[in-house]
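Here the structure comes first, spelled out in structure tokens, and everything after it is commentary.
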Amino acid sequence: MTHASLGIIRREHRALSAMLRSITLLLGEHRRHNTLPDFDALQAMLFYADEFPEKLHHPKESRLLFPKLRGRNAETDAVLDRLDADHARGEHAIRELEHALLGFRIMSGTDQGEARRDNFERLMKRYADFYLEHMRIEEAEILPLAEAVLGDDDWAELDAAFLTNRDPLAGYEADEAYRPLFKKIVGALQKTGSVGSALEAFSGTSLSTGDKESP
């Protein structure tokens, strides 16, 4: 039996993975050409990571899914402890990244510009590597366990909770307030040919990548 919450978790993982890899690719392109990145687009991408994965996806895993799996054995509890700690660490890391991006943007025309750029790129790589490994562990160890041991009542609660997430990059229609944000993100990715595979990972976002602004 397939469960809505599992499908949503996996789609949201793919969207965040694609976003993280895309930022890394975009930064690498600008580094190779010695150009400055689109700061507005980078800010939009980090805002997405904070607004959707950090505030919607991860808290529901920690509050609803993980407690249902605790107490079965010490090994599983240790993995869950690590994942919960990762979620708490992520909240701090995204603030650090946003501040580093602001510093890079403001100081880019000064003699601190290169150091600020190096710092942001270093923190971005660390954040991306950290969350890619975090999601790998969830998909390899936690989601299969949940499929094996949870009952119908558990899935009903989880499905109802995760169905409210509505992450546009995981295939849902964007709320009107978020449409400019996601147009900016998708538009920035389209401008760099090396991120085509990342765009494909956005499993059918309801925002058309061919949308054009009205004249």
Side-chain angles (χ1 to χ4, degrees), residues 8-62 79 82-105 108 114-143 165 167-171 181-182 184-203 205:
I8 291 167
I9 289 170
R10 290 180 172 124
R11 286 197 300 274
E12 291 178 351
H13 281 179
R14 286 198 298 273
L16 180 57
S17 295
M19 179 66 69
L20 295 174
R21 290 188 171 100
S22 297
I23 293 174
T24 301
L25 288 168
L26 286 167
L27 291 174
E29 285 289 302
H30 285 287
R31 171 68 77 171
R32 281 189 290 276
H33 292 95
N34 195 31
T35 55
L36 290 174
D38 182 337
F39 289 111
D40 286 342
L42 285 175
Q43 186 176 7
M45 291 173 177
L46 293 186
F47 180 78
Y48 159 79
D50 186 27
E51 194 80 352
F52 287 87
E54 291 289 355
K55 291 181 179 176
L56 292 177
H57 178 97
H58 298 148
K60 287 176 182 174
E61 289 178 332
S62 285
V79 172
R82 173 184 170 175
L83 295 175
D84 272 332
D86 284 352
H87 288 169
R89 176 183 166 193
E91 294 178 13
H92 171 76
I94 196 68
R95 302 285 171 269
E96 187 178 28
L97 260 180
E98 288 170 334
H99 180 76
L101 177 61
L102 179 62
F104 176 22
R105 181 175 198 162
S108 60
E114 198 60 25
R116 296 281 183 165
R117 180 180 204 146
D118 289 344
N119 182 56
F120 176 71
E121 290 179 352
R122 176 181 59 82
L123 292 176
M124 188 66 240
K125 184 178 186 307
R126 186 171 73 185
Y127 183 81
D129 289 346
F130 158 66
Y131 260 128
L132 290 171
E133 175 62 9
H134 172 88
M135 290 184 287
R136 185 196 67 78
I137 292 172
E138 285 184 342
E139 298 220 7
E141 301 186 37
I142 299 306
L143 299 189
N165 282 15
D167 181 344
L169 293 189
L181 168 69
F182 288 98
K184 183 178 290 293
I185 291 171
V186 173
L189 297 178
Q190 286 180 305
K191 291 176 183 177
T192 305
S194 60
V195 298
S197 60
L199 276 171
E200 290 172 6
F202 288 148
S203 59
T205 175

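Keep in mind that the numbers below use all heavy atoms, side chains included, and drop hydrogens, waters and symmetry copies.
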Using the side chain to side chain contact (heavy atoms under 4.5 Å, CB included) rule, pick out the option among Leu132, Leu20, Thr24, Leu46 that qualifies with Tyr127.
-> Leu20

Between NE2 of His99 and CG of Leu123, what distance do you get to the nearest 0.5 Å?
-> 10.0 Å

Side chains of His87 and Glu91: is there a donor and an acceptor less than 3.5 Å apart?
-> no

Can any side-chain N or O of His134 pair as donor or acceptor with the backbone N or O of Phe130 at less than 3.5 Å?
-> no

Hey, is Glu114 close enough to Arg31 for a salt bridge, meaning N to O under 4.0 Å?
-> yes

Gap between atom CE of Met135 and atom NE2 of His58 - 0.5 Å precision = 6.5 Å

What do you reckon, is NZ of Lys125 surrounded by more than 12 foreign heavy atoms closer than 6.0 Å?
-> no

Is any side-chain heavy atom of Pro53 less than 4.5 Å from a side-chain heavy atom of Tyr48?
-> yes

Specify whether His13 and His57 have parallel, tilted or perpendicular ring planes, treating 30° as the upper limit for parallel and 60° as the lower limit for perpendicular.
-> tilted

For Glu98, which of Ile94, Leu102, Leu101 qualifies under side chain to side chain contact (heavy atoms under 4.5 Å, CB included)?
-> Ile94

Test item: Ile137 and Arg82 side chains (from C-beta on) under 4.5 Å apart, heavy atoms = yes

Leu26 side chain near Asp38 side chain, heavy-atom distance below 4.5 Å | no

Are Arg117 and Leu36 side-chain neighbours, meaning at least one heavy-atom pair lies under 4.5 Å?
-> yes

Charged N to carboxylate O below 4.0 Å: is that the case for Arg122 and Asp118?
-> no

Can you name the side-chain hydrogen bond (donor to acceptor under 3.5 Å, both in side chains) partners of Glu141, sequence neighbours left out?
-> none

Flag side-chain contact, heavy atom, 4.5 Å: Leu83 against Glu61 = no

Are Glu96 and Arg126 close enough that some pair of their side-chain heavy atoms sits under 4.5 Å apart?
-> yes

Between Asp86 and Tyr131, the two heavy atoms sitting closest are O-OH, 3.6 Å

Is there side-chain contact between Asp40 and Arg105, with at least one heavy-atom pair below 4.5 Å?
-> yes

To the nearest 0.5 Å, what is the distance between CG (Leu16) and CZ (Arg11)?
-> 15.0 Å

State which residues pass side-chain hydrogen bond (donor to acceptor under 3.5 Å, both in side chains) with Ser108; sequence neighbours excluded, sorted by chain then number.
-> none

With sequence neighbours left out, the residues meeting side-chain hydrogen bond (donor to acceptor under 3.5 Å, both in side chains) with Arg10 are Glu147

